[in-house]
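Take a look at the structure set out below.
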Number of protein chains: 2
Amino acid sequence: MTLPSTYADRNCSLARTLEVVGERWTLLIVRDAFFGARRFGDFAARLKIPRAVLTSRLKSLVQEGVLTRDDEAGAGVEYRLTPKGVALWPVVRALMNWGDEFYSPSGAKRAFRHDRDGGLLDREGRCQECGQVVPVPAITIERGPGYEPDGTEHDPVSGTINTPRRLLEPFVRSEGRKAS
Amino acid sequence: MTLPSTYADRNCSLARTLEVVGERWTLLIVRDAFFGARRFGDFAARLKIPRAVLTSRLKSLVQEGVLTRDDEAGAGVEYRLTPKGVALWPVVRALMNWGDEFYSPSGAKRAFRHDRDGGLLDREGRCQECGQVVPVPAITIERGPGYEPDGTEHDPVSGTINTPRRLLEPFVRSEGRKAS
DNA sequence: CACTCCAGTTCATTCATTGAACCTACTGTG
DNA sequence: CACAGTAGGTTCAATGAATGAACTGGAGTG
């Protein structure tokens, strides 16, 4: 977003937040991090964004403390959400809810459940079984009623993301995953 | 945001939402609409954004059904949030909450109350007096503990916005408002 | 050592944003 | 009626950011 720091809205936390996550692509990167993306290549493949832009966004997210960059992680670099990044979950949910409400007539594209009791989460993230606000790592994501098959189901990266899984859990990369 | 419509994420409501409100400035315009801005000039003065950009953003927000454009309104044009626009309130709140949490150590920049019983609203928009989720038009906004005076308090436009008021209520423009 | 991944960088082209100036219609005011 | 002021824009040159394709360089493998 790069709002000028002379911006009159020193007193608006919305403006402040947008300086961190308001740029093009940034929130989509964060979303994919929630969904389990950790590697540069995962983000690049899923988002189809120019690698130079991805580099720059990852850099600034790390700098802002939303992601950590860990290059000690086996073969390659891993980007992971920090607690500050995980705290963006309500933002991601709110944006999704609005899109579901106004652009997905047959229902939410994705559904979220409490992994423990399988209860669906409502708009505020509360489990309809136990009434709790479910913490992010205990949420599983699956297709919702509004999901529209689009042919990416069997693509190794997007495909993985379309099967039920727990948030924040990294993609499992079996050795033969590029075998066509 | 202008994500290409060929975007693989047909199935992500977050991406869909960002296509509508993800561009630079757009959410700040929406925020000011919640805070009572209705006139082209109000937005321009508060946001200090190039008028050409404002024109284009207002146009697309109207096209998306987030705002209405009414040029029958006395002397001038009025932009108002539609119900679809008002439904963005949770998005605005979520973004503000995050900014307050991580960039405003002395507390929220703005506080919200239930106009009827004066109860403060919590993070989810629930009144701490009566427990209800307060509908947007019944919310009043005032300075929070983290508010930092910045000299715009007596500027006619920004100043108005800094005194407690009900959301969505238009600025009252008294005839002598430009009298220095 | 050749080969493949992975995580970037580089670069020319295209596109969007910026800020300042200009334009047009309407509203009082003397 | 002339004139200033206000409102809501448009136009334009300059700058900056995004795009996509090609390239680089290191680590791990056979």
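Per chain, numbering begins at 1; letters A, B, ... match sequence-line order. Only a predicted model underlies this, so the values are computations on that prediction, with no experimental measurement involved.
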Any side-chain N or O of [X] less than 4.0 Å from the OP1 or OP2 oxygen of [N]?
X       : N      : answer
A:Tyr79 : C:dC6  : no
A:Arg24 : C:dA16 : no
B:Thr55 : D:dG8  : no
B:Trp25 : C:dT18 : yes

Rounded to whole Å, please give me the gap between [atom1] in [X] and [atom2] in [N].
X       : N      : atom1 : atom2 : value
B:Lys59 : D:dG9  : NZ    : C1'   : 9 Å
B:Asp71 : C:dT27 : CG    : P     : 13 Å
B:Asp70 : D:dA7  : CG    : C1'   : 15 Å
B:Glu23 : C:dC15 : CD    : C1'   : 12 Å
A:Phe40 : D:dG25 : CZ    : P     : 17 Å
A:Ile49 : D:dA18 : CD1   : P     : 9 Å
A:Leu54 : C:dT9  : CG    : C1'   : 13 Å
A:Arg39 : D:dA27 : CZ    : C1'   : 12 Å

Considering only side-chain heavy atoms of [X], which listed nucleotide, [options], is closest?
X       : options                : value
A:Val77 : C:dA7, D:dG8, D:dT19   : C:dA7
A:Ala52 : C:dT10, D:dA18, D:dT11 : C:dT10
A:Pro50 : D:dG20, D:dT11, C:dA7  : D:dG20

* **Hphob cluster co-occupancy, B:Tyr103 + A:Val66, side-chain heavy atoms under 4.5 angstrom** => yes
* For B:Phe43, report the nucleic acid contact type (base, sugar-phosphate, nothing); a contact means any heavy atom under 4.0 Å. => nothing
* To do: Compute whether any side-chain donor of one residue and acceptor of the other, for B:Asp115 and B:Thr140, lie under 3.5 angstrom apart.
  => no
* Does B:Tyr79 have B:Arg38 sitting over its ring (NZ/CZ under 6.0 Å from centre, angle to axis within 45°)? -> no
* Could B:Arg31 and B:Phe34 be counted as a cation-pi pair, given that NZ or CZ must be under 6.0 Å from the ring centre and within 45° of the axis? -> no
* Does any non-hydrogen side-chain atom of A:Leu28 lie less than 4.5 Å from one of A:Phe43? -> no
* Would you kindly check whether a donor in the side chain of B:Arg51 faces an acceptor in the base of D:dG8, or vice versa, at under 3.5 angstrom? => yes
